[in-house]
Structures are given as structure tokens and as C-alpha cells.
Amino acid sequence: MPVPPPLRLMPALALCALAACATPVERCVSQATESLRAAEGELKELEATLARGYAVETEIRTYPVFVTCGGYRTGVAPYPCVRDRVVRSPKRVPVDLAEVRRRASDIRERLPALQASADQGAAQCRAAYAAAAGAAPATP
């Protein structure tokens, strides 16, 4: 049974609500470490590709499905109709393993610099917000 459009938005709204819960320091640190996290994620994906010997992509297929539309919720008599069903499935993709090894090596070489930059950015965030918190009047 297809998920109604309002319910499809619920996970996105929940993520937005959680993102809003982050403190200014957490948001700043997250921004400062974004490039490091992206590089680490890409390296992890490349290493998994090397271990498997092939890449995996998600193939999306759509096909029609006969369902019952209308009904007591809509006030319309039930009637047969066609809806699209989306199926996501993994698909093996051949890759040039030498190229994947080269890309993984390049990322490994960049990681120390990215780590240093992320540490420096996070320290600046903590210092900036600690100074701002120290300047703010204390509340009882």
C-alpha cells in the first residue's frame, strides 16, 4: 500500500527538528569537521569497493500496480486504479580497481591535513563560544 504524501515527509521533519536541537557550538564544530567526515566516508566506500571488487549502485525501477482508490476516508466509492510502485535494488557495477586504489591513496594522504584543519576549526568554535558564554550574564 503506498504511503500517503504527508507521511512521506515525517522522516524529513524529524531530521529538521533534531538538527534544530544542536547547540551553536555543535553546529559550528559540525561545519568545521564536514570536509573530514566527507573524506572519511568516501574512503570507507572506496575500501568497501576494493574489498568486493566491484561498486554497488542503487537501481530505481518503477512499475504500475493495481490498487483500490477512494473509500470511506475520501467519501468516494472505492474504485480500481493504477499507482506507480518504486523498487530500489542494488546493482553491481564494474570499476577500474587501479583507479579506485589511486583515489583511496589520495584521500589517505589528505586525511592528516584535513584532521588538523578540523581540529583547529573545532578549537576555534569552542573558544569563540566559550568567550561568548563567559561574556553573557549568569542566570539564576
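Small disclaimer: the values here were computed from a predicted structure and weren't measured.
- The shortest side-chain heavy-atom distance between Arg27 and Pro24 falls under the 4.5 Å cut-off.
- Contact of the Pro94 side chain with the Tyr54 side chain is not registered, since no non-hydrogen atoms from C-beta on lie closer than 4.5 Å.
- Note that CG of Asp96 and CZ of Arg101 are 9.0 Å apart. Values are rounded to the nearest 0.5 Å.
- Taking CG from Asp119 and CD from Gln124, the interatomic distance works out to 11.5 Å, rounded to the nearest 0.5 Å.
- Within 6.0 Å of the CD atom in Glu57, the count of heavy atoms belonging to other residues, nucleotides or ligands does not exceed 12.
- Under a 4.0 Å N-O distance rule, the pair Arg102/Glu99 qualifies as a salt bridge.
- Closest approach of Arg83 and Cys69 over heavy atoms only: NH2-SG, 3.3 Å.
- For Glu59, the CD atom sits in a packed shell: over 12 heavy atoms of surrounding residues, nucleotides or ligands are nearer than 6.0 Å.
- Residue Leu43 shares its hydrophobic cluster (ILVMFWY side chains chained together at separations under 4.5 Å) with Leu36, Leu46, Leu50, Val95, Leu97, Val100, Ile107, Leu111, Leu114.
- Residue Val82 is not grouped with residue Val87 when hydrophobic side chains (ILVMFWY) are merged at heavy-atom distances under 4.5 angstrom, including chains of intermediate members.
- Pairs passing the salt bridge (Lys or Arg N to Asp or Glu O under 4.0 Å) check and including a residue from residues 45-54, sequence neighbours excluded, read Glu47-Arg108.
- Taking the side chain as every heavy atom from C-beta outward, Cys125 and Gln31 never approach each other to under 4.5 Å.
- Nearest heavy-atom pair, Pro64 versus Asp84, reported as atom, atom and distance to 0.1 Å: CA-OD1, 4.2 Å.
- Under the 4.5 Å side-chain heavy-atom criterion for grouping Ile, Leu, Val, Met, Phe, Trp and Tyr, Tyr63 is connected to Val67 within one hydrophobic cluster.
- A donor-acceptor pair is defined here as one N or O able to donate and one able to accept, closer than 3.5 Å; no such pair exists between the side chain of Arg103 and the backbone of Glu42.
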